[in-house]
Amino acid sequence: MLIPNLSVLLAERRLTLSKVSEDTRISRTTLTALTAGHAKGVQFDTLNTLCQYLNVAPGDLFLYRPFDLTAASTGLPGHSAVTFALRRAGRPEETHALVCDAEYLFSDAHTLDTLRVRLTSPKDDPRATDFLALLQSLPTPALTALEFDILRAFDAHIDPALAPRDYTPDLLWPWQ
C-alpha cells in the first residue's frame with residue numbers, strides 16, 4: 001500500500017496547496033488528489049517538479065506498507081458496520097468488521113451540526129486485537145484517507161436539506 005506523504009511534507013514546511021500550486025504550476029486538483037490519496041497515478045514530470053520544489057527524493061513523497069486495506073460501509077446509519085478488506089502478498093484476503101454507532105447532532109430541528117461515528121470492535125472476534133494494532137500502526141495520512149471513505153458513506157445517507165456544507169463529520173476509532 002502506497003500512502004501519500006505530501007500533506008506531512010507541506011505541513012512541516014508550512015506550505016499551503018495554493019502556494020505550491022502557484023509556485024510549481026501543478027494544478028490544485030492534482031495536489032489535492034495527491035495529498036488525499038485519491039490520485040490514480042502520478043506523472044513523472046509532476047513527481048520531478050514536487051521533488052525539486054520540496055528538495056526531497058521521490059520515496060519521501062510516499063510511505064509504503066506491505067499490505068492493501070480498503071473500507072466499505074454496510075447497513076444504514078445507526079445500524080451498520082465498516083468492513084475492511086486486508087490483502088497481503090502470498091496470503092488469502094482477510095476481512096475484518098468494526099461496528100458503527102452513528103450519532104447525528106442537530107442545532108435545531110432542521111440543521112445538522114455534527115455527524116459523529118464511533119467504531120467499536122466486536123467482542124467475539126479473537127483477531128480484533130491484531131487488526132486494531134495494524135490500524136493503529138498506519139501513518140496519519142492513511143488513517144485520514146480511511147476516515148474520509150467511511151464518513152463519505154455515511155454522508156450519502158444524509159438528506160441534503162438537513163445538512164449544510166459546513167457540518168462537522170467526526171470519526172472515533174476504537175482506541176479513542
Check: Aromatic rings Trp173 and Phe84: how do their planes relate, parallel, tilted or perpendicular, breaks at 30° and 60°?
Finding: tilted
Checklist line | Side-chain (Arg127) to main-chain (His96) donor-acceptor, under 3.5 angstrom | finding: no
Next item on the list: Indicate if Val99 and Leu172 have the same hydrophobic cluster label, given that clusters are the connected sets of ILVMFWY residues with side-chain heavy-atom separations under 4.5 angstrom.
Entry: no
Margin query: Please identify which of these residues, Leu61, Thr46, Asp60, meets the side-chain contact (heavy atoms from CB on, under 4.5 Å) condition with Cys51.
Written below: Leu61
Note to self: Would you compute the distance between atom CD of Glu94 and atom CG of Leu86 and round it to the nearest 0.5 angstrom?
What the structure shows: 4.5 Å
Next item on the list: Spell out, yes or no, whether Leu47 and Val8 are grouped together once hydrophobic residues are joined by side-chain heavy atoms under 4.5 Å, including indirect joins.
Entry: no
Notebook entry, point to check: How many angstroms lie between atom CG of Leu15 and atom OG of Ser21, to the nearest 0.5 angstrom?
Noted result: 12.5 Å
Check: Say you draw a straight line from CZ of Arg28 to OG1 of Thr35; how long is it, rounded to the nearest 0.5 Å?
Finding: 8.5 Å
Next item on the list: Could you check Leu171 against Leu146 for side chain to side chain contact (heavy atoms under 4.5 Å, CB included), going step by step and ending with a plain yes or no?
Entry: CA-CA 10 Å; Leu171 186 133; Leu146 282 174; over 6 Å; no
Notebook entry, point to check: Mind checking whether Pro66 and Arg88 have side chains closer than 4.5 Å, heavy atoms only?
Noted result: no
Next item on the list: Can you see which heavy atom on Thr70 is nearest to which on Arg87, and at what distance?
Entry: CG2-NH2, 3.7 Å
Notebook entry, point to check: Got a second to check how far Asn5's CG is from Glu12's CD, nearest 0.5 Å?
Noted result: 7.0 Å
Next item on the list: State plainly whether one hydrophobic cluster holds both Leu2 and Leu6, where clusters connect Ile, Leu, Val, Met, Phe, Trp and Tyr through side-chain heavy atoms under 4.5 angstrom apart.
Entry: yes
Item checked: CG/Asn55: more than 12 non-hydrogen atoms of other groups inside 6.0 Å -> no
Next item on the list: Indicate yes or no for a side-chain donor-acceptor contact from Ser137 to the backbone of Leu134 under 3.5 Å, with no hydrogens or angles considered.
Entry: yes
Checklist line | Pairwise distance OG1(Thr120) to CG(Leu132) - rounded to 0.5 angstrom | finding: 10.0 Å
Notebook entry, point to check: Under 4.5 Å between side-chain heavy atoms, hopping through other hydrophobics if needed: is there a path connecting Ile26 to Leu10?
Noted result: yes
Check: For the atom pair OG1 (Thr29) and CG (Leu34), what is the distance rounded to the nearest 0.5 Å?
Finding: 11.0 Å
Check: Any side-chain heavy-atom pair from Leu50 and Val42 closer than 4.5 angstrom?
Finding: no
Checklist line | Sidechain-backbone polar pair: Thr24 side chain, Val20 backbone, donor-acceptor under 3.5 Å | finding: yes
Note to self: Does atom CD (Gln136) have a neighbourhood of more than 12 heavy atoms from anything else shown, all under 6.0 Å?
What the structure shows: yes
Check: Hey, quick one: are Phe62 and Leu17 part of the same hydrophobic cluster, counting side-chain heavy atoms closer than 4.5 Å, chains of contacts allowed?
Finding: yes
Next item on the list: Could you go through the side chain to side chain contact (heavy atoms under 4.5 Å, CB included) check for Leu69 and Leu138 one step at a time?
Entry: CA-CA 10 Å; Leu69 183 66; Leu138 292 174; 3.9 Å; yes
Notebook entry, point to check: So do Leu98 and Ser121 actually touch side chain to side chain, heavy atoms under 4.5 Å?
Noted result: yes
